[in-house]
Amino acid sequence: MIGSTDDARITPALWGMASILTIGGFLSMFTSTVVNVALGTIAAGFRASLGTAQWIATGYLLALAAMVPVSGWASRRFGATRLWLVCVGLFASLSALCSTATSIETLIVFRVLQGAAGGLLVPAGQILFAMTAGPKRLGRMMAVLSIPIYLAPVLGTLCGSVLTERFGVPWLFLVNVPLSVLSLLLGLKWLPRESPADPQPLDRRGVLLTVTGLPLLVYGFAEAAPIAAVAGAILLVVFAVGALRSPAPLLDLRLFCDRVFSSAAAVIFGMGVALFGSMIVLPLYYLDVRHESLVATGFLTAPLGLGTVLALPLAGRLTDRIVGARVIFAGLIVTIIGTVPLALLTGADDYWWLSAVQFVRGTGIGLTTTPALATGLRSVAKARISHAMPLFAMLQRIGGSFGTSILTAIVSARLAAAPGTAAAVAGAHWWIAGITAIVLIPSWLLVRAESSTVD
């Protein structure tokens with residue numbers, strides 16, 4: 001038995017469930033980065049341009065984003081466990097198909113389909129876990145599920161380089177198959193079989209608007225394509241207006257009327273801007289300023305992910321034991337402390353010092369993002385978690401693409417003006433520190449909102 005959702009104890013069955021769902025979440029995030037380092041090799045192998053090969057990565061990410069809004073309805077309609085199992089099976093099959101692709105066009109199609117499966121896989125697992133864990137265990141359990149989000153990009157970059165050099169491009173995709181099969185077999189045996197909720201009719205208009213609007217917005221920000229970004233924003237605004245009027249919307253936007261939920265959502269969006277945008281900045285320092293190899297850069301930037309992963313268990317325990325909003329506020333302060341030294345970079349900083357700074361910054365991130373997710377979900381009734389989780393995921397993705405767009409423009413302009421200088425990269429970190437400082441505002445509002453709820 002997993003135990004009552006009102007129980008604060010974490011049973012062995014719940015730990016087992018967490019392990020199974022974590023494997024699935026890891027796969028979706030891992031494969032989004034493992035291919036990126038080999039795009040040049042893939043393009044050369046298929047005699048295609050790098051711009052065409054880029055769609056192997058871009059198509060996957062856009063499909064991933066497109067399916068997130070649908071994941072809540074699909075979980076309610078078919079049951080989160082059943083949806084998760086089907087998506088894991090599809091993910092394994094499509095990974096194998098990617099390894100057998102004979103043309104760049106075929107590979108892109110398989111990757112888009114793989115992204116669609118991954119876009120349903122992660123939210124389905126999170127929804128299932130949030131409903132099973134209950135409010136008294138939510139902080140610790142969501143911390144476990146967050147580990148793939150921060151660990152997979154680090155391992156993906158390192159493994160992508162090694163697999164390409166030692167085994168060849170097909171193994172970038174085949175590596176997913178045994179883990180997918182393992183998680184599928186374990187899931188079939190151990191995951192709880194919940195009954196699907198009484199399904200409301202599918203909001204087809206909402207689906208059309210979100211599965212086109214969200215990818216357009218993400219693509220427009222990430223690729224600096226203003227027309228796509230504006231079109232995506234307009235479609236999402238039209239969706240929001242219709243959802244607020246609909247008795248059975250695809251996503252229940254009335255959740256934002258709750259102060260705790262809306263403040264947590266603002267923190268998640270803001271940290272998406274600061275976190276995912278910053279991931280492109282420091283690697284440029286090692287690559288363009290210190291002239292390190294791609295593999296060495298992967299190792300040198302790993303302390304950020306390590307600090308985050310190691311901080312997650314502490315963040316989960318603190319969130320369950322004390323008011324989660326205070327953990328978030330403290331995490332933001334630690335994140336800023338770990339960012340300011342990076343804004344003072346020179347061309348000769350000791351690598352051990354930079355690793356320590358990144359570790360501190362990663363610790364702050366670990367104390368911020370997952371507690372915000374857990375705190376926001378605690379304010380939501382169990383029946384509405386399938387609405388809340390996709391909303392949080394959408395905000396994080398939009399924030400990440402927005403941050404990537406802003407910081408890419410900033411650091412590109414600085415590097416163009418002063419190629420190969422540490423000052424160009426350092427200046428971008430002042431922007432990151434400033435964005436993180438702005439997130440202190442909704443974080444403080446969350447402290448006040450959660451305190452008033454507890455009182």
Side-chain angles (χ1 to χ4, degrees), residues 33 36 39 50-51 54 57-58 61 65 150 153 157 216-230 232-233 266-292 294 297-298 300-301 303-305 308 332 335-349 354 357-358 360-362 364-365 368-369 395-442:
T33 55
N36 291 356
L39 288 177
L50 186 59
Q54 183 66 39
T58 302
L61 293 175
Y150 303 105
T157 300
L216 279 173
L217 186 63
V218 170
Y219 176 79
F221 281 143
E223 301 296 328
I227 295 177
V230 171
V267 171
I268 289 170
F269 173 81
M271 285 306 294
V273 176
L275 171 60
F276 291 97
S278 66
M279 285 182 175
I280 68 166
V281 178
L282 194 59
L284 292 175
Y285 170 77
Y286 289 115
L287 291 167
D288 294 351
V289 180
R290 305 297 289 268
H291 305 294
E292 297 289 350
L294 188 62
T297 298
L300 289 167
T301 54
L304 177 70
T308 303
L332 288 170
T335 303
I336 293 171
I337 291 172
T339 303
V340 170
L342 297 176
L344 303 173
L345 283 171
T346 69
D349 289 306
L354 293 178
V357 168
Q358 290 183 79
V360 171
R361 185 169 187 273
I365 292 169
T368 302
T369 48
L395 287 170
Q396 190 175 56
R397 292 183 188 282
I398 293 171
S401 60
F402 183 59
T404 300
S405 175
I406 292 176
L407 290 168
T408 298
I410 291 170
V411 75
S412 297
R414 290 178 175 273
L415 286 172
T421 62
V425 178
H429 279 99
W430 282 119
W431 283 83
I432 297 169
I435 293 169
T436 308
I438 291 173
V439 183
L440 286 168
I441 298 173

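Here the structure is a predicted model, which means the values were calculated and not measured. Along the sequence shown, residues carry numbers from 1.
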Review point. Do other residues, nucleotides or ligands put more than 12 heavy atoms under 6.0 Å from the OH atom of Tyr286?
Key: yes
Closest approach of [X] to [Y] (non-hydrogen atoms, all atoms of both residues):
X: Ala65; Y: Val218; value: CB-CG2, 4.4 Å
X: Ala228; Y: Gly220; value: CB-CA, 4.0 Å
X: Thr335; Y: Ile365; value: OG1-N, 3.3 Å
X: Ala437; Y: Ile336; value: CA-CD1, 3.8 Å
X: Asp349; Y: Leu344; value: OD2-O, 4.4 Å
X: Ser401; Y: Phe221; value: O-CB, 3.3 Å

Within this structure, what is the [atom1]-[atom2] distance for the pair [X] and [Y], rounded to the nearest 0.5 Å?
X: Arg361; Y: Leu282; atom1: CZ; atom2: CG; answer: 9.0 Å
X: Leu287; Y: Thr297; atom1: CG; atom2: OG1; answer: 3.5 Å
X: Leu440; Y: Thr368; atom1: CG; atom2: OG1; answer: 9.0 Å
X: Ile406; Y: Trp431; atom1: CD1; atom2: CH2; answer: 7.5 Å
X: Leu284; Y: Leu407; atom1: CG; atom2: CG; answer: 10.5 Å
X: Glu292; Y: Thr301; atom1: CD; atom2: OG1; answer: 11.0 Å

**Study point:** Flag side-chain contact, heavy atom, 4.5 Å: Ile438 against Val273
**Key:** no
Point to revise | Polar side-chain atom of Asp288 near backbone of Tyr285 as donor-acceptor pair, under 3.5 Å | key: no
Check your understanding: Just by modelled atom types, is the Gly305 backbone N or O under 3.5 Å from a matching donor or acceptor in the Gln358 side chain?
Key -> no
**Study point:** Full working for side-chain contact (heavy atoms from CB on, under 4.5 Å) between Leu332 and Met271
**Key:** CA-CA 9 Å; Leu332 288 170; Met271 285 306 294; 3.5 Å; yes
Review point. Side chain to side chain contact (heavy atoms under 4.5 Å, CB included) with Ala433: which residues, sequence neighbours excluded?
Key: Thr339
Practice item. Would you please name every residue forming a side chain to side chain contact (heavy atoms under 4.5 Å, CB included) with Ala343, sequence neighbours left out? Key: His429, Trp430
Review point. Which of these, Val425, Val281, Ile432, Val357, sits in a side-chain contact (heavy atoms from CB on, under 4.5 Å) with Leu342?
Key: Val357
Practice item. Kindly write out the residues that satisfy side-chain hydrogen bond (donor to acceptor under 3.5 Å, both in side chains) with Thr369, not counting sequence neighbours, or none if the list is empty. Key: Tyr150
